[in-house]
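Single-structure report; data block below.
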Amino acid sequence: MSSLVVDLVLCGFAYVVLIYFVATLTKPKISRRGDNNDDGDGGIEDFTPPKIDLPPGIIWPTDGPKTKNPTEPLEV
């Protein structure tokens, strides 16, 4: 066998071994202490979006006018 084939086989083997280790090390650990569904982060959950301070003259689309006033037709 040529050295290119040997190098390709060794690189393929190293790739398979690395993917195996990455897959096994990134799996979440199975906790057998209890099934309490606790994230462990603590605190109060607040799901409201933050109030963003906009520059003057800029409004959110939801704060805009609810109805559109019909415009006068243009005469040319």
Practice prompt. List, by chain and number, the other hydrophobic cluster members for Y15, where Ile, Leu, Val, Met, Phe, Trp and Tyr join if side-chain heavy atoms come within less than 4.5 Å, directly or indirectly.
Written response: I19
Item to complete: Kindly give the cluster partners of I59, where membership spreads through any ILVMFWY side chain lying under 4.5 Å from a current member.
Response: none
Worksheet item: Listed by chain and number, what are the side-chain hydrogen bond (donor to acceptor under 3.5 Å, both in side chains) partners of T26, not counting sequence neighbours?
Response: none
Item to complete: State which residues pass side chain to side chain contact (heavy atoms under 4.5 Å, CB included) with V16; sequence neighbours excluded, sorted by chain then number.
Response: none
Worksheet entry | Nonpolar side-chain network containing F47, other nodes, edges under 4.5 Å | none
Practice prompt. Report the residues that fulfil side chain to side chain contact (heavy atoms under 4.5 Å, CB included) with L54, sequence neighbours left out, ordered by chain and then residue number.
Written response: I52, I58, W60
Practice prompt. Give the cluster check for Y20 versus V17: same hydrophobic cluster or not, with ILVMFWY residues linked at side-chain heavy-atom distances below 4.5 Å.
Written response: yes
Worksheet item: With sequence neighbours left out, what residues match T48 under side chain to side chain contact (heavy atoms under 4.5 Å, CB included)?
Response: D46
Discussion item. My understanding is that only residues two or more places apart in sequence, or in another chain, count here; which of them pass side chain to side chain contact (heavy atoms under 4.5 Å, CB included) with L74?
Written reply: none
